[in-house]
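Below is one structure, written out as structure tokens; the observations come after it.
Since the structure is predicted, the reported quantities are computational estimates derived from the model, not experimental observations. Lettering of chains follows the sequences in order, A, B, ..., and the numbering in each one begins at 1.
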Amino acid sequence: MLPKISEKLIIKIMAEKKYQNVDLEDVVIRFSGDSGDGMQLTGTLFSETSALVGNDFVTFPDFPAEIRAPQGTVGGVSGFQVHIGHQPVYTPGDYCDVLIAMNPAALKANRRWAKKGAIIIINSDEFTEKNLQRAGYKTLNPIEEDKLEDYNIIFAPINELTKEALKDSDLDQKSILRSKNMFALGICYWMFDRPMEHTIERFEKKFAKVPAVAKANIETLKAGYNYAENIGAFKSTFEVAPSEQQPGKYRSINGNTATAWGLAAAAERAHIQLFCGSYPITPATDILIELTKLRSLGIKALQVEDEIAGICTAIGASFAGSLGVTSTSGPGLALKAEASGLAVITELPLVIIDVQRGGPSTGLPTKTEQADLLQALYGRNGESPMVVLAATTPSDCFYYAFQAAKIALEHMTPVILLTDGFIGNGSEPFRIPKMEDLPEIHPHYADPNDTNYQPYRRDPKTFARYWAKPGIKGLEHRIGGLEKMAITGSVSYVPENHAIMVEERAEKVRRVVEDIPDQEILGDQTGDILMVGWGSTRGHLLTALKTLRKEGKKVGMAQFSYINPLPKNTEDVFKRFKKVIVFEVNTGQFVSYLRSQFGHLDFLQYDKVQGLPFTAIEIVEFVNKMMEE
Amino acid sequence: MLPKISEKLIIKIMAEKKYQNVDLEDVVIRFSGDSGDGMQLTGTLFSETSALVGNDFVTFPDFPAEIRAPQGTVGGVSGFQVHIGHQPVYTPGDYCDVLIAMNPAALKANRRWAKKGAIIIINSDEFTEKNLQRAGYKTLNPIEEDKLEDYNIIFAPINELTKEALKDSDLDQKSILRSKNMFALGICYWMFDRPMEHTIERFEKKFAKVPAVAKANIETLKAGYNYAENIGAFKSTFEVAPSEQQPGKYRSINGNTATAWGLAAAAERAHIQLFCGSYPITPATDILIELTKLRSLGIKALQVEDEIAGICTAIGASFAGSLGVTSTSGPGLALKAEASGLAVITELPLVIIDVQRGGPSTGLPTKTEQADLLQALYGRNGESPMVVLAATTPSDCFYYAFQAAKIALEHMTPVILLTDGFIGNGSEPFRIPKMEDLPEIHPHYADPNDTNYQPYRRDPKTFARYWAKPGIKGLEHRIGGLEKMAITGSVSYVPENHAIMVEERAEKVRRVVEDIPDQEILGDQTGDILMVGWGSTRGHLLTALKTLRKEGKKVGMAQFSYINPLPKNTEDVFKRFKKVIVFEVNTGQFVSYLRSQFGHLDFLQYDKVQGLPFTAIEIVEFVNKMMEE
Amino acid sequence: MENKILHQPAEFKSNQEVRWCPGCGDHAVLNALHKAMSELGIPKEKFVVISGIGCSSRTPYYMNTYAFHTIHGRAAAISTGVKIANQDLTVFTVTGDGDALAIGGNHFIHFIRRNLNLNMVLLNNRIYGLTKGQYSPTSEEGKITKTSPYGTIEHPFNPGELVLGAQGKFFARSMDTNIKLQTEIMVEAAQFVGASVIEILQNCVIFNDGAYKNINDKETREDHQIILHHGEKMIFGKNRDKGLVLDGFKLKVVTIGQDGYTMDDILTHDAHCQEPFIHMMLINMAYPDYPTAFGIIRAVKGDSYGVKMDQQTAEIMAKSKIKCMDDVLNSGDTWEVK
Amino acid sequence: MENKILHQPAEFKSNQEVRWCPGCGDHAVLNALHKAMSELGIPKEKFVVISGIGCSSRTPYYMNTYAFHTIHGRAAAISTGVKIANQDLTVFTVTGDGDALAIGGNHFIHFIRRNLNLNMVLLNNRIYGLTKGQYSPTSEEGKITKTSPYGTIEHPFNPGELVLGAQGKFFARSMDTNIKLQTEIMVEAAQFVGASVIEILQNCVIFNDGAYKNINDKETREDHQIILHHGEKMIFGKNRDKGLVLDGFKLKVVTIGQDGYTMDDILTHDAHCQEPFIHMMLINMAYPDYPTAFGIIRAVKGDSYGVKMDQQTAEIMAKSKIKCMDDVLNSGDTWEVK
Ligand SMILES: Cc1ncc(C[n+]2csc(CCOP(=O)(O)OP(=O)(O)O)c2C)c(N)n1
Ligand SMILES: Cc1ncc(C[n+]2csc(CCOP(=O)(O)OP(=O)(O)O)c2C)c(N)n1
Ligand code: SF4
Ligand code: SF4
Ligand SMILES: [Mg+2]
Ligand SMILES: [Mg+2]
């Protein structure tokens, strides 16, 4: 059931309607157009400018299916949703207040995401008969066909106006039309009273060598701004007040970049070389891309022949004394299963990143899902326990990637970090940390002067074995994938030894619990319902939590990032509430894991598998329903 | 704690001891020697002769670690244990009554398996200083060093006696000594009053072209027999009475052969071509080997370049209309994870056999373990439910392989069948079925005259889609790994459709429950303790069950073969007992799966991870302990 | 060979919207495939098209035959299963440079070695298209892509060279734009008994536009391409006056009528020659020193796995006493319990 | 090159019991490796030995260096990671014909193409030893093994040919029994900058005994083996009177002094020649028509991935303003919240 547009967002649509300024707490804008229309850039610029004036934001790009569909078709529509607020916002927003549709296909594909009565800005020049047909409209009146009569629709002849604005430009027609997205951006800037300077500067810098392009973009931006003002279209006073944000220096970051940087930061804090062996796969490729850019820090990030080579080169690098890392998505994680078992038995530090996407098999490569959890926990032969973490927002990918590396290096174990397409591609403001404020990392090195080094001697506290880098005299040793004798590490088929080693490997992973924080409860610390989530559902749950508590419900929320081991106080957290509901974007993997651990507790579950994140609304509804039952 | 030798097995050891015949219910004999000593053959011959005279038997070969260790070392010892009984026997026996040790290493490696007071037949010619050292003995007196004084030890100069027996042979010394295992067999035949004819015939047939070899084997066999009689060593009257065995024609079969034949039988009953793509891996290789032998039935079994090619060729064959099969062990299953997801989403019939071995990673390749259960259930990206079965004994591998193929073909789904090294290599009598008595199999074919074939239209009852073989005019269609539109199967990114397809794939697997039998309870149908096992632990649990019930305990037993879906009455089965104990050769994978499904029930667990099967004794002890608590 | 045409090319088109970028070389290859299938005169239902993952690997959806869009890198292995299961089918394996030579490299070399009667169309755009522009195993050294911001430091594979190293029997090459040549090659490849690899130099307009500009520029391409035909002289050039001769252990480009070279000196293409050396040289010819070789460069007879498998099976079936599972179950040692 | 010897060969032996079958060719290779390491004059701790799985792949346990027995088929990939992480290390990758060419085929060809400074010792016994006797990608056609009861129907790979197809720069071959030659080759391979592949024809006494009897029989082996040395004439034979000459596009065996052939006609081995054609012919020479070629067949200079990586990194580090993570975090657009 579609929510109504925020009643506070009252706008003057056309000249005949009354002009009115209104206060908004937060607003959701969705830019959409053909793949070639530059919607991702438009959205990014809007978000960053908003951040500069002090708003919080969360974005979510909605890429077209991976093949570039023919222009003008629904398959080729690219969307970018941004949620801005002067209070913290936690999600890109369920539905949008403003929808920009650069062509009929964009309208067709995105009208479902517009709140009732939303403002819809339409590039009327593209609404030709041919284009309407291409988009799958059956009539020539998409407004009627889509039942949009109650929406506030602005028909702007953006193509023509762009051409008009650039009539003196030296650029050819095609290049001129390429800046039409800036016209749309200009309209939005005016509507939400954003300054244009930052964007203008950016263009001047970026296109310093092609001033004609810089100029075209800038002129069109201004033309859009002026157009909106001229038609006196509408204007909201969107109050600029970064109230709850911590002071500091900020930047915008998406989850994949944050992940890459978190790993790099960990390597720096551990004084170790970072090696990443990966194979491109949507939506994880950007992690590799970001790491390849950091070569000036001595980071070696390599595209190799396949996923197996990705993890194997990383294991080799770890054996040689680097922090080995490999990044992938679900199908790639499956391919890495066998080799990850080698990391388990050789007890080498290794970080495996899985940016989850819709499955099974190739599934929905550009859509998000949380359905690799059980694969991460159990997808290896034999008893091969591994540490599993999950990041919850784009910016905390940085901290969990850092933490994954820290655990791997200090506990001598492979660690899987789960993120997903939603937070991997989504972005939000990130308070830039100082490196010196990050925790130190102490890789579990062997004493280089040890005259009796034994590769499987363990630290009595953590059960981590000691790491001896090739090149160090006197620590020569051999490891491998066969079961090994405790302490010496030589091959052993002794039955009792196998039992001991299985137990020690498990115990080592369990003891990681000593280095992780207790599970936090947000909202009520005890009460009727605990909403449980893990990973990327945090923003939606938190938004729902706020709503529910405003409604006076006694509700708490626990968002898990430490999956294996679970925090020490986990059971206690569950017991503080009458009911526990586990929310997941899969068919209930975390809840089945929890049930296997806490059989005597009752868990309710709410699942969604549509290749989409939750909406806060559906969460609120479900909690309310459970409240009544 | 080592059990004492059956008190009924009283034997006369040396001439000075009194000769005595005793009745035995069952007896466990362990043949052991160097890899080159032919112990596997010796054990097999003994088992088969025993079967011919009507005994039941179960065997378990205990191969040396995969590399041939230097002769005479403990690493190179090869063992073969056989348990015979005139009542049904269910396991190869926990400990042995008679141990044959062809050299010091064999004694060293196997003395732990001998019951207190067991008969140990030693080839004294091999107990030289050098050999004792090689075997790791520190003194020249292994009897004292191993504290074997209370055992009944027979020192037989087997090398010398073999040479003596064959002094007229044309064979060279090396070849002559190669038949010394027959001397040991001859001793055993005399001890347990087995006829030699069958074995003699076998040699005559097998070595028809090299009569000298046939003769050498036969002569040595006889010499051993006579030697035992001459020294008047000991003799048990092992009563020959196949009491509980169903009438019929029997053969000896090991689990891997049974698996291969079960698949072939299914293909025959389904009138379909069987295709197997595999890559060698211990202990699964024999399945491929057995299938390659069946080419005269039109079966195509191929060794391909790796495990991924194994499953991919099988998927290709399934797409082309064959029954595709791939066989492997744990590390190979891990490599097949990604492709198995393709079979899930394309809903093609496929059977994946995993003969489990000790893990993680390369682990203990020649040892048994049940630790791939969770991998089989969950080791794929995304929501990818699969049917999982587990065979329980060597001979029922035949039926479960058959059943796996039947489910795959009738329900259009990949099926994983789990067996393990214990039952894969172990053998027992197999009542030969008539092919016509096996159930028919009806692959879920599309109607070749369907003029509107839709690849994802489903059978309303089973939810299986219809299978259209390439080559049939009018059924041309396209499938693939991307999410597909319900019914039409074309690529779809529609959110609601994804949810529907995820659910339909899951529901299809759930509905397999309609075609599987209810879970059977052995022993008491209700009572104090239910012993739960799955797969290959059946024999040990059953043996323990008999013991416990003889002791008057109210104990039942449920051995699961249908893991996903679980039989309909599963919950009811658990509720009939005060306590439920789950026994597994891993650290508790099935129990964690059960807990995730039946959170409100309590499960106790008993695990073992030593690369060895359970002993019935430890099971009895644990149940008794739990009885008291 | 003249075949009876059963279907027009258009009948091989599926009803799915083709989703490649406008201007992508893949469109032409699809056309050629439809044409070749038509020319082969084989009933539609006997064709199977198998692909991996990539832009190129989308082809199955656009075929009105049996078709299977599988997983990344595994097209060769899955095709192998299809063909062994049913040798009656004519199978085209469509793959990309990443799909076949990066993740699929192992199946690729074994596909060639095994020499089943399969036909691979390898669309080489020297880039990963579908994942939006990372280098591939055929990207030229130094190339700047998303994952090589400072330029790659890897030697590219030359697919034909690898085919020969794996003992390939059939290798051909075409430009994406040359539909006529592609169609010709595809028809011959399908009729050839054994594994054939057809490399198509394919332009990715989005991520690697102009990769083949040097050799396929309209103005100059006749001087930079040589189209080989078995039994014909190796000549090329706008004026058809350039040719290849052997100079010690190297090929040399000469102009007929210059430096004393006459048509007689020009090599005659022998695609059927078992020895791979000249084929290797032809495959390795590269801009700017040489014209790039197109056409069927190598097509030599060899035993096909499939044919051998069938022969062997027939022999075994004829000879063996084991005819059905009852025979198997009752073979060897058995005993009766009464 | 003379190196200062730091350790005797025996110092490279680990304390683990060697578990190969008596008579297995692997023993000799292990000896040669110990010797080569000694001769290289590199400190023990700078050596790393990486293997996959197989009998041959057990080697790491017998080395008193850093060593890693990994998983089946992945030795090449894991070695790549080791070397890129630390180019100071001298890495030997020990593998078998199954490990390298069946399951590991993809990493094998990319290992070669990438041309890191790594040294692969490929023990080719034309069988799977460890899993007890199944055919491998190098088993001769028709071979009866456990998984080919009716004989295989696959053409074997010739590893050297595949190396060349993947643009290999260094390929050498030795018999297992020829410890001297192996040692020599291993030393040169380690000193060669780039990926080297050393194929050892290794006898598996248990599952494929006599696989190389034809060419390695004591009586006749001098007539069936030719040991090549760069810059030397290609002669062989008991009496050193046989040699190789070029006959059109083929090599031909001649007897010096017969049919008018003199020493001058005999080819001189040029391992450094970039063109692969003669190397390919030498690699392909097979019993009974030709002697089998041993020694370093090809060793041509090429850019090594590792060297290029280091150069590139050094340049980037010198040029870039981004020196540490604080720089990265603060790069690009930022804003202040007060
Ligand atoms: C297991 C797996 N790894 C990675 C990917 C991501 N992926 C899809 S296509 C592709 C590369 C395609 O390149 P190529 O074969 O050259 O095809 P093109 O798009 O250039 O035609 C990659 C890396 C995937 N789908 N599956
Ligand atoms: C993933 C995986 N698949 C299969 C195996 C089983 N396996 C071990 S070694 C081997 C073949 C070894 O052959 P080769 O490399 O030639 O070594 P050799 O024993 O002949 O020296 C196989 C198939 C394994 N260990 N792991
Ligand atoms: S991205 Fe390149 S290869 Fe892919 S469809 Fe577009 S032009 Fe073709
Ligand atoms: S089985 Fe063969 S390769 Fe393996 S150790 Fe024995 S002889 Fe060597
Ligand atoms: Mg490509
Ligand atoms: Mg081998």
Side-chain angles (χ1 to χ4, degrees), chain A residues 48 51-52 54 202 242 245-252 261 264-265 268 273 275 277 294-298 300 302 304-306 308-309 312-322 324 338-339 342 346 431-435 469-482 490-491, chain D residues 14-16 43-51 53 60-61 63-74 76-86 88-89 106-107 109-110 309 312-313 316-338:
Chain A
E48 289 187 11
L52 275 174
R202 225 181 121 136
Q245 275 188 359
Q246 254 190 290
K249 198 168 164 191
Y250 281 78
R251 62 176 305 128
S252 169
W261 289 6
E268 189 171 302
Q273 178 183 265
F275 174 96
L294 303 185
R295 189 94 74 80
S296 69
L297 306 188
K300 291 175 181 164
L302 248 70
V304 291
E305 61 268 30
D306 60 18
I308 300 178
C312 285
T313 51
I315 289 173
S318 282
F319 178 70
S322 292
E338 193 215 359
L342 180 66
T346 53
R431 187 163 170 275
I432 301 172
K434 291 210 176 58
M435 283 302 296
K469 287 191 195 192
I472 301 178
K473 195 169 168 172
L475 302 191
E476 293 88 352
H477 66 283
R478 291 139 294 282
I479 60 173
L482 288 165
S490 56
V491 177
Chain D
S14 82
N15 60 1
Q16 298 292 301
K44 203 155 55 88
E45 66 273 14
K46 298 278 187 192
F47 282 111
V48 175
V49 179
I50 307 277
S51 75
I53 300 278
Y61 294 117
M63 303 302 309
N64 198 11
T65 63
Y66 287 92
F68 194 174
H69 177 232
T70 74
I71 45 177
H72 195 34
R74 316 303 169 191
I78 292 179
S79 306
T80 298
V82 170
K83 185 72 184 184
I84 292 177
N86 185 353
D88 247 23
L89 302 170
N106 200 27
H107 310 304
I109 58 178
H110 285 272
M309 160 82 89
Q312 203 180 48
T313 308
I316 295 163
M317 282 179 148
K319 231 165 44 189
S320 171
K321 281 186 206 119
I322 302 286
K323 301 288 182 200
C324 63
M325 274 309 293
D326 278 323
D327 295 345
V328 173
L329 290 163
N330 290 284
S331 63
D333 288 325
T334 61
W335 67 89
E336 201 76 44
V337 172
K338 297 247 166 57

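Counting heavy-atom pairs closer than 4.5 Å to chain D, the top-ranked of the candidates G474(A), S252(A), A314(A) is S252(A). Between chain A and the options L89(D), I109(D), N86(D), the largest number of non-hydrogen pairs under 4.5 Å is found for L89(D). For the set K434(A), H477(A), E268(A), E305(A), the entry with the most heavy-atom pairs within less than 4.5 Å of chain D is E305(A). Interface check for chain A: of the options V48(D), N64(D), T80(D), V49(D), the most heavy-atom pairs under 4.5 Å are formed by N64(D). With chain D as partner, the option from T346(A), I472(A), I315(A), V491(A) having the largest number of non-hydrogen pairs under 4.5 angstrom is I472(A). For chain D, the option among G324(A), P470(A), G481(A) with the highest count of heavy-atom pairs below 4.5 Å is P470(A). Ranked by heavy-atom pairs under 4.5 Å with chain A, the first of D88(D), T70(D), N330(D) is N330(D). Here F68(D) is the residue among Y61(D), F68(D), F47(D) with the most heavy-atom pairs under 4.5 Å with chain A. In terms of heavy-atom pairs under 4.5 Å with chain A, the best-connected choice from C324(D), A76(D), A67(D) is A67(D).
Atoms CD and CG, from E45(D) and L475(A) in turn, are 9.5 Å apart once rounded to the nearest 0.5 Å. To the nearest 0.5 Å, atom CD of residue Q312(D) and atom CZ of residue R295(A) are 4.0 Å apart. With rounding to the nearest 0.5 angstrom, the OG atom of S296(A) is 8.0 Å from the CG atom of D327(D). How far OG1 of T313(A) is from NE2 of H107(D): 9.5 Å, rounded to the nearest 0.5 Å. To the nearest 0.5 Å, atom CG of residue D333(D) and atom CG of residue L52(A) are 7.0 Å apart.
Shown here for I432(A) and L329(D), the closest heavy-atom pair between the two residues is CD1-O, 3.4 Å. Closest approach of A320(A) to A85(D), counting heavy atoms only: CB-CB, 3.8 Å. Taking each heavy atom of C312(A) and R74(D) in turn, the nearest pair found is SG-CB, 3.6 Å. When every heavy atom of M317(D) is checked against every heavy atom of L297(A), the shortest pair comes out as CE-C, 3.9 Å.
For a residue to count as touching a neighbouring chain, one of its non-hydrogen atoms must lie under 4.5 Å from one of that chain's; by this rule S318(A) does not touch chain D. In this structure, chain A has heavy atoms under 4.5 Å from both the backbone and the side chain of M309(D). For D326(D), the parts lying near chain A are the backbone and the side chain together; criterion is any non-hydrogen pair under 4.5 Å. Interface remark: Q16(D) contributes side-chain atoms only to the contact with chain A (heavy atom separation under 4.5 Å). Residue R202(A) touches chain D through its side chain alone, counting heavy-atom pairs closer than 4.5 Å. Looking at L294(A), the atoms closer than 4.5 Å to chain D (heavy atoms on both sides) all sit in the side chain, from C-beta outward. For S79(D), no part lies under 4.5 angstrom from a heavy atom of chain A. For a residue to count as touching a neighbouring chain, one of its non-hydrogen atoms must lie under 4.5 Å from one of that chain's; by this rule A264(A) touches chain D with backbone and side chain alike. For L342(A), the part lying near chain D is the side chain, with the backbone staying farther off; criterion is any non-hydrogen pair under 4.5 Å. Only the side chain of Q273(A) comes within less than 4.5 Å of a heavy atom of chain D; its backbone N, CA, C and O stay farther away. Residue contact with chain A, scored on non-hydrogen atoms closer than 4.5 Å, is absent for P43(D).
Annotation: side chain of W335(D) is not in contact with side chain of K249(A) (no heavy-atom distance under 4.5 Å).
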Using side-chain contact (heavy atoms from CB on, under 4.5 Å), reason through T334(D) and Y250(A) one step at a time and then give a plain yes or no. CA-CA 5 Å; T334(D) 61; Y250(A) 281 78; over 6 Å; no
As a quick check of understanding, evaluate side-chain contact (heavy atoms from CB on, under 4.5 Å) for V304(A) and H110(D), giving each step before the final call. CA-CA 9 Å; V304(A) 291; H110(D) 285 272; over 6 Å; no
Intermediate values then yes/no, side-chain contact (heavy atoms from CB on, under 4.5 Å), I71(D) and E338(A): CA-CA 8 Å; I71(D) 45 177; E338(A) 193 215 359; 3.7 Å; yes
D306(A)/N106(D) under side-chain contact (heavy atoms from CB on, under 4.5 Å): CA gap, chis, key distance, verdict: CA-CA 9 Å; D306(A) 60 18; N106(D) 200 27; 3.3 Å; yes
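Checking side-chain atoms of K300(A) against main-chain N and O of I84(D) turns up a donor-acceptor pair under 3.5 Å. In this structure, the side chain of R251(A) engages the main chain of S331(D) through a donor-acceptor pair within 3.5 Å. Side-chain atoms of R478(A) come within 3.5 Å of backbone N or O of T65(D) as a donor-acceptor pair.
Counting non-hydrogen atoms of neighbouring residues, nucleotides and ligands closer than 6.0 angstrom, the NZ atom of K323(D) exceeds 12 such neighbours.
Between F319(A) and Y66(D), the ring planes are perpendicular. Angles over 60° get that label, and only those under 30° would be called parallel.
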